[in-house]
Amino acid sequence: LGEKDWYVAVAKPSGNVENYPKEEDLVAFRVPPGVFLKMEEGTWHAGPLFDNADHMDFYNLELSDTNVVDHNTHVYSEHGTTYNIVDE
């Protein structure tokens, strides 16, 4: 909705919300302004991730119970893993 790029990290479905993606299964990419993404059911994702902005408006269409039945959080940094997205 804005004029800035944003980023998203995705991984294939693990088949179980308790199984977070392995480090090598994550892919992050830049999304230009005005682009919508359609993810397949079960796609693990983190984002929108944005830099150089105090806030960003975006659409998120999901089922009414998504955050109840299909939600997990894994803090990779607690296991010593950090990520740096390099935009080339």
Side-chain angles (χ1 to χ4, degrees):
L1 294 175
E3 298 177 2
K4 296 186 180 238
D5 295 339
W6 54 279
Y7 300 83
V8 64
V10 297
K12 64 183 177 183
S14 66
N16 183 319
V17 295
E18 286 81 26
N19 295 333
Y20 57 87
K22 295 180 184 149
E23 190 176 334
E24 59 269 16
D25 294 334
L26 293 170
V27 177
F29 57 95
R30 180 179 56 83
V31 181
V35 171
F36 284 79
L37 302 177
K38 189 230 182 252
M39 296 181 203
E40 294 299 322
E41 183 178 346
T43 300
W44 185 93
H45 59 285
L49 308 168
F50 51 91
D51 194 16
N52 299 322
D54 292 332
H55 71 279
M56 183 175 286
D57 294 326
F58 67 97
Y59 288 106
N60 188 8
L61 305 176
E62 55 189 32
L63 299 174
S64 62
D65 65 349
T66 294
N67 288 329
V68 175
V69 300
D70 186 23
H71 179 266
N72 69 352
T73 301
H74 180 72
V75 182
Y76 287 89
S77 61
E78 289 179 357
H79 302 278
T81 304
T82 59
Y83 295 92
N84 185 23
I85 298 174
V86 178
D87 193 4
E88 296 180 2

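The first residue in the sequence is number 1, and the count goes up from there. Note: hydrogens, waters and symmetry copies are ignored here, and every other heavy atom, side chains too, is used.
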> Taking the side chain as C-beta and beyond, is there a heavy-atom pair between Y76 and T82 under 4.5 Å?
Replying inline: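 The answer is no, as the side chains (C-beta and beyond) never meet within the 4.5 Å cut-off.
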
>> Taking the side chain as everything from C-beta on, heavy atoms only, tell me whether H45 gets closer than 4.5 Å to L37.
In response: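 H45 vs L37: side chains apart.
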
> Closest heavy-atom contact between D5 and P33?
Replying inline: OD1-CD, 3.0 Å

> By side-chain contact (heavy atoms from CB on, under 4.5 Å), which residues pair with K12, not counting sequence neighbours?
Replying inline: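 Per chain and number, K12 pairs via side-chain contact (heavy atoms from CB on, under 4.5 Å) with no residue.
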
> Which pairs pass salt bridge (charged side-chain N to carboxylate O under 4.0 Å, His left out) with one or both residues in residues 31-40, sequence neighbours excluded?
Replying inline: K38-E40

>> Could you measure the distance from the CG atom of L49 to the CZ atom of R30? Nearest 0.5 Å is fine.
In response: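 So the gap between those two atoms works out to 14.0 Å.
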
> CG of L26 to OG1 of T81: how many Å apart, nearest 0.5 Å?
Replying inline: 9.5 Å

>> Under 4.5 Å between side-chain heavy atoms, counting indirect links through other Ile/Leu/Val/Met/Phe/Trp/Tyr residues: same cluster for V10 and V35 or not?
In response: yes

> With under 30° as parallel and over 60° as perpendicular, where do the rings of H79 and Y20 fit, or are they tilted in between?
Replying inline: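 H79 vs Y20 ring planes: parallel.
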
